[in-house]
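Just so you know, ligand 1 is whichever comes first in the structure, and atom 1 is the first atom listed for that ligand.
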Amino acid sequence: MILVTGGAGFIGSNFVLQWCNNGDEPVLNLDALTYAGNLANLQSLVGNTQHRFVHGSICDSQLLAKLFAEHQPRAVVHFAAESHVDRSITGPEAFVETNVVGTFRLLEAARTYWNSLEGAKKNAFRFLHVSTDEVYGTLEPNDPAFTETTPYAPNSPYSASKAASDHLVRSYFHTYGMPVLTTNCSNNYGPFHFPEKLIPLMIVNALAGKALPVYGDGQQIRDWLYVEDHCSGIRRVLEAGTCGETYNIGGWNEKANIDIVNTVCSLLDELAPPASRQVIHQQTGKKVEHYAELVTYVTDRPGHDRRYAIDARKIERELGWKPAETFDTGIRKTVAWYLANQDWVKDVINGSYRDWVTQQYGGEKA
Ligand code: NAD
Ligand code: DAU
């Protein structure tokens, strides 16, 4: 079996669902259910014994030791993190606690367990650390995309905490010989994306007639990858990656933020025309004819990185992985998913998704 951390979050839950759809190996899912964890993402697995959920933190060394000893995972796939840059600016401590200290505690528990293994089991063990392109800092317009050898230059407390965790993971390979793998991925989008991040926030606000807040001049560039492609890339690295190596994962889809927002608005105009839903502009009180009327430029994010771009040639060359979705197909699926899952959105917005722990799933308490 494999141990997944943070498997109730956006990418982690997509990974767990994809894992269960592509085989029968059990998955133990350890998640602290912070505001970003939502067990409704895993509703389709209720009653499926392939998936076992444990409510607990990667900072809890005792719990980690117990889980490794009891479940003997052949691999760890580590998603758990504080992930939102804006939250890291207003409250950086949680990022150091989870991303740095939590990753350290998880590494220590994994090392103790790995040391207890012998022979083939020891050789086959893997610790896959899921990281971000933000550790490489920011690019000028004509700079080449980030490769695996681009020097680290994190600019936000979030990216600095992820960079620190990447360095710890790297050190466990060089110092202890632990079989680790690291992936650095660009911006994900798709189902179950928490509506504090750009794409889901724009969809949710537009449908409610709320302002679509675009930071600064909206010309910052991000490199977008459909979340299921990220998950398939991680599975491929877990299966065939070389220990101690890092792999960039991306979809060659650089877009300016304002273009993303306008694309989302056009798709919504087509799939959920504002007139048919009687959307009212909450600031002017007028009927909305096109969702783009809601675009509002707001104060920029402090230290806002201008451009990210991932060079994904290594994973393609060495492991034969390529994304399945184009941006056009992925964003259409995403907008359609949000329209078809308005109850999920409603429960997130009104906070009732947090009751799921007790109500729906019977999560095993640490
Ligand atoms: P998310 O914020 O949606 O989910 C994080 C999950 O981790 C939540 O379920 C939360 O409850 C859980 N968690 C937080 N603290 C925990 C702790 N102490 N113990 C156990 N669980 C804890 O994040 P995401 O967007 O799904 O990102 C997952 C990982 O992928 C992160 O490591 C992030 O840095 C990385 N990443 C994200 C993106 C992206 O675009 N979202 C891109 C590249 C890499
Ligand atoms: O690059 C990978 C990273 O992508 C991940 O490591 C992070 O976990 C993930 O959150 C994401 O970080 P970003 O800061 O790029 O994502 P976010 O959706 O917050 O913002 C995307 C861009 O849109 C960014 O340039 C800021 C801008 N933005 C964001 C929000 C929430 C706006 O203009 N308005 C907004 O309201």
Side-chain angles (χ1 to χ4, degrees), residues 4-16 29-39 41-42 54-60 63-64 77-89 94-95 97-99 101-103 105-106 129-136 138 146 154 156 158-159 161-162 165-166 183-190 192-202 205 211-225 227 230-231 234 248-250 255-258 260-261 295-301 304-310 354 366:
V4 165
T5 71
F10 164 47
I11 306 173
S13 61
N14 276 285
F15 180 86
V16 168
N29 180 356
L30 172 65
D31 196 297
L33 297 179
T34 67
Y35 80 93
N38 185 349
L39 283 174
N41 301 1
L42 300 164
V54 178
H55 183 201
S57 171
I58 55 166
C59 297
D60 183 343
L63 171 67
L64 292 172
V77 184
H78 176 35
F79 294 95
E82 288 293 334
S83 70
H84 190 34
V85 174
D86 292 330
R87 286 181 191 255
S88 84
I89 294 166
F95 288 71
E97 184 61 21
T98 296
N99 301 359
V101 178
T103 299
R105 299 240 166 94
L106 184 65
H129 173 59
V130 179
S131 192
T132 169
D133 60 358
E134 299 203 12
V135 296
Y136 299 121
T138 187
F146 302 129
S156 71
Y158 163 67
S159 54
S161 67
K162 290 298 289 188
S165 67
D166 292 11
T183 56
N184 294 88
C185 188
S186 59
N187 284 63
N188 285 216
Y189 66 101
F192 305 120
H193 205 181
F194 197 82
E196 64 184 350
K197 308 279 170 70
L198 180 71
I199 290 179
L201 183 74
M202 296 301 143
N205 276 15
L212 306 182
V214 174
Y215 297 163
D217 63 2
Q219 293 301 328
Q220 301 81 8
I221 290 173
R222 296 293 181 266
D223 190 351
W224 295 92
L225 182 69
V227 63
H230 185 190
C231 296
I234 291 169
N248 282 355
I249 306 182
K255 308 266 179 210
N257 291 340
I258 188 63
I260 293 286
V261 174
V295 168
T296 308
Y297 287 90
V298 299
T299 309
D300 209 351
R301 170 186 280 175
H304 200 171
D305 284 338
R306 196 69 183 163
R307 174 178 166 234
Y308 303 142
I310 276 282
R354 306 207 69 175

Exercise for review: Run down the list Asn205, Asn187, Asn257 and name the one with the heavy atom closest to atom 15 (O) of ligand 2.
Suggested key: Asn187
Review point. For residues Glu196 and Tyr35, is any side-chain donor paired with an opposing acceptor at under 3.5 Å?
Key: yes
Check your understanding: Under 3.5 Å, N or O to N or O, is His193 touching ligand 1 that way?
Key -> no
Exercise for review: Report the nearest protein non-hydrogen atom to atom 3 (O) of ligand 1: residue, atom name, distance rounded to 0.1 Å.
Suggested key: Phe10 N, 3.0 Å
Check your understanding: Under 4.0 Å from ligand 2, counting heavy atoms only, is it the side chain of Glu134, its backbone, both or neither?
Key -> side chain
Review point. For ligand 2, is any non-hydrogen atom under 4.0 Å from Glu196's backbone (N, CA, C, O), its side chain (CB onward), both, or neither?
Key: backbone
Check your understanding: Should His78 be counted as touching ligand 1, given the test is an N or O pair under 3.5 Å?
Key -> no
Study note, to complete from the structure: In ligand 1, the atoms that come under 4.0 Å of a heavy atom of Asn187 are 40 (O)
Exercise for review: Please determine if Cys59 has a nitrogen or oxygen closer than 3.5 Å to a nitrogen or oxygen of ligand 1.
Suggested key: no
Revision key, fill the gap. Looking only at protein heavy atoms, what sits closest to atom 23 (O) of ligand 1 is Ser83 OG, 3.2 Å
Review point. Which is closest to atom 33 (C) of ligand 1 in terms of heavy atoms, Trp224, Phe95, Tyr158, Tyr308?
Key: Tyr158
Exercise for review: With sequence neighbours excluded, tell me which residues meet salt bridge (Lys or Arg N to Asp or Glu O under 4.0 Å) with Arg222.
Suggested key: none
**Study point:** Proximity flag Phe79 to ligand 1, non-hydrogen atoms under 4.0 Å
**Key:** yes
Revision key, fill the gap. Looking only at non-hydrogen atoms, the one of Val130, Asn99, Leu30 nearest atom 30 (O) of ligand 1 is Val130
Point to revise | Passing option when His78 is tested against Thr5, Val130, Leu30 for side-chain contact (heavy atoms from CB on, under 4.5 Å) | key: Thr5
Exercise for review: Would you tell me whether Asn184 and Asp166 have side-chain atoms, one donor and one acceptor, within less than 3.5 Å of each other?
Suggested key: yes
Review point. Where's the contact between Ser186 and ligand 1, heavy-atom distance under 4.0 Å: side chain, backbone, both or neither?
Key: backbone
Study note, to complete from the structure: If we number the atoms of ligand 1 from 1 as shown, the ones under 4.0 Å from a heavy atom of Ser131 are 43 (C), 44 (C)
Check your understanding: Is His304 in contact with ligand 2, taking contact as a heavy-atom separation below 4.0 Å?
Key -> yes
Check your understanding: Using a heavy-atom cut-off of under 4.0 Å, does the side chain or the backbone of Leu33 touch ligand 1, or both, or neither?
Key -> backbone
Check your understanding: Who gets closest to atom 21 (N) of ligand 1 by heavy atom: Cys185, Gly9, Ala32?
Key -> Ala32
Check your understanding: With atoms numbered from 1 as shown, which atoms in ligand 2 lie under 4.0 angstrom from a non-hydrogen atom of Thr132?
Key -> 1 (O), 2 (C), 3 (C), 5 (C), 6 (O)
Practice item. Determine, considering heavy atoms only, which of Ile11, Val4, Leu225 sits nearest to atom 37 (C) of ligand 1. Key: Ile11
Exercise for review: Keeping the roles fixed (side chain from Ser13, backbone from Phe10), state whether a donor-acceptor pair exists under 3.5 Å.
Suggested key: yes
